[in-house]
Amino acid sequence: MPELPEVETIASGLASFVCGRKIQEVRLISSHMIIGDEIIFRKRLKSRIIRNVRRRAKLLIMDLSDPVHLVFHLKMTGKVWVPGERTDPNKHTHMVLALKGGQDIFFEDQRKFGYVAAMTPEELGRWSFYAGLGPEPLQIESEEFVSIFKHRKARIKSLLLDQKVIAGIGNIYADEALYLAGIHPCSVPSEISADKLAGLHNCLREVLLAAIKAGGSSFRNYRNALGSAGSFQESFLVYGKKDHSCQQCGCVIETVKVSGRTSCFCPHCQEEPPAAK
DNA sequence: GATGTTGTTGAGTC
DNA sequence: TGACTCAACAACAT
């Protein structure tokens, strides 16, 4: 499931291949992956030049000439990539963008939870999900991070996953950062010291940067822009490690459900807050 | 055929 | 009104 580091890896990998290239043909295989009208979608893409590829939260955004923003949400199993060799669409391929001069951009999604939209700058700005996104964890200072959280009374894990509070964090990196910071997923920020919250921000930065450096995590079927796997899944300390031993203290890693999400934690290194049960 | 999986939204509660 | 929690939904692999 592509979170911030995976989408970042895809964006930077794609950029070197597709920036400056012209979209010659839009091949739509399943049009229900599109948000909005198909005819307008096609018209907005045809013959546009890809100026830039970037990430905001978990969104992959291609800035096209005119200007138009081609926005992808990859959800659990989405992929956007450029096959090195000639590749035919498979049953999970939903769109192919043929570039002038050869090479195709493939949009694939096994579970079809993802979507793609072609928006004008005005539409993008009016889109409530986009407009409501919280700040990027790698772009804010510790003081801002602490001030976002310190008065909150929801469980910290829920808040980390809330894209309106802070953008780009999913289940993997929330669990890893909480473990590194020694904070239980059920802890309530208003009862955590400012120092510890600042520490969480540091751990979050650390784990996100390390994951970007490793090319993301290929826990299920994530692949980067060239179709190769990342390696950060080998560095997971708690995510997916239920019943394994904690690398710091040897205790058995447990799980707890927080707002419907499985959270992995070490009961010794991440002490349960007094109020939680 | 039941279960697990996740990001997001909307309904419901305090 | 805002903060919070939870169920529901999408569709597939196991």
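Keep in mind that the numbers below use all heavy atoms, side chains included, and drop hydrogens, waters and symmetry copies. Note on naming: letters A, B, ... go to the chains in the order of the sequence lines (proteins, then strands), and numbering restarts at 1 for each one. No experiment lies behind these values; they were computed from the predicted model shown.
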Would you mind reading off the distance between His73(A) atom NE2 and dT6(B) atom P, rounded to a whole angstrom?
-> 14 Å
Salt bridge between Lys153(A) and Glu191(A), side-chain N to carboxylate O under 4.0 Å?
-> no
Answer yes when Asp66(A) and Arg48(A) have at least one side-chain N-carboxylate O distance shorter than 4.0 Å, and no when they do not.
-> yes
On DNA chain C, reading 5' to 3', which nucleotide is the first and which the last to sit with an atom under 4.0 Å from a heavy atom of chain A, could you check?
-> dC4(C) to dA13(C)
Given atom CG of Asp162(A) and atom P of dT6(B), what is their separation to the nearest angstrom?
-> 17 Å
Would you call Glu25(A) and Lys46(A) a salt bridge, using N to O less than 4.0 angstrom?
-> no
Whole Å only: how far is the NZ atom of Lys75(A) from the C1' atom of dT6(B)?
-> 9 Å
Euclidean distance, atom CG of residue Leu74(A) to atom P of dT8(B) [Å, nearest integer] | 11 Å
Closest approach of Gly170(A) and Glu3(A), non-hydrogen atoms and distance?
-> N-OE1, 2.8 Å
Protein-nucleotide distance (Lys257(A), atom NZ; dT3(B), atom C1'), rounded to Å | 11 Å
At their closest point, which heavy atom of Ala167(A) faces which heavy atom of Leu4(A), and how far apart are they?
-> O-CD1, 4.0 Å
State, to 0.1 Å, how close Leu208(A) and Pro5(A) come at their nearest heavy-atom pair, and which atoms those are.
-> CD2-CG, 3.7 Å
N/O (side chain, Tyr239(A)) to phosphate O (OP1/OP2, dT6(B)) under 4.0 Å = yes
Quick tally for nucleotides 9-14 of chain B: nucleotides whose base has a protein heavy atom under 4.0 Å get B, sugar-phosphate-only ones S, the rest -, giving S-----
Close aromatic pair by centroid cut-off 6.0 Å: Phe265(A) and Tyr179(A) = no
Could you tell me whether Glu122(A) and Arg126(A) have a side-chain N and a carboxylate O separated by less than 4.0 Å?
-> no
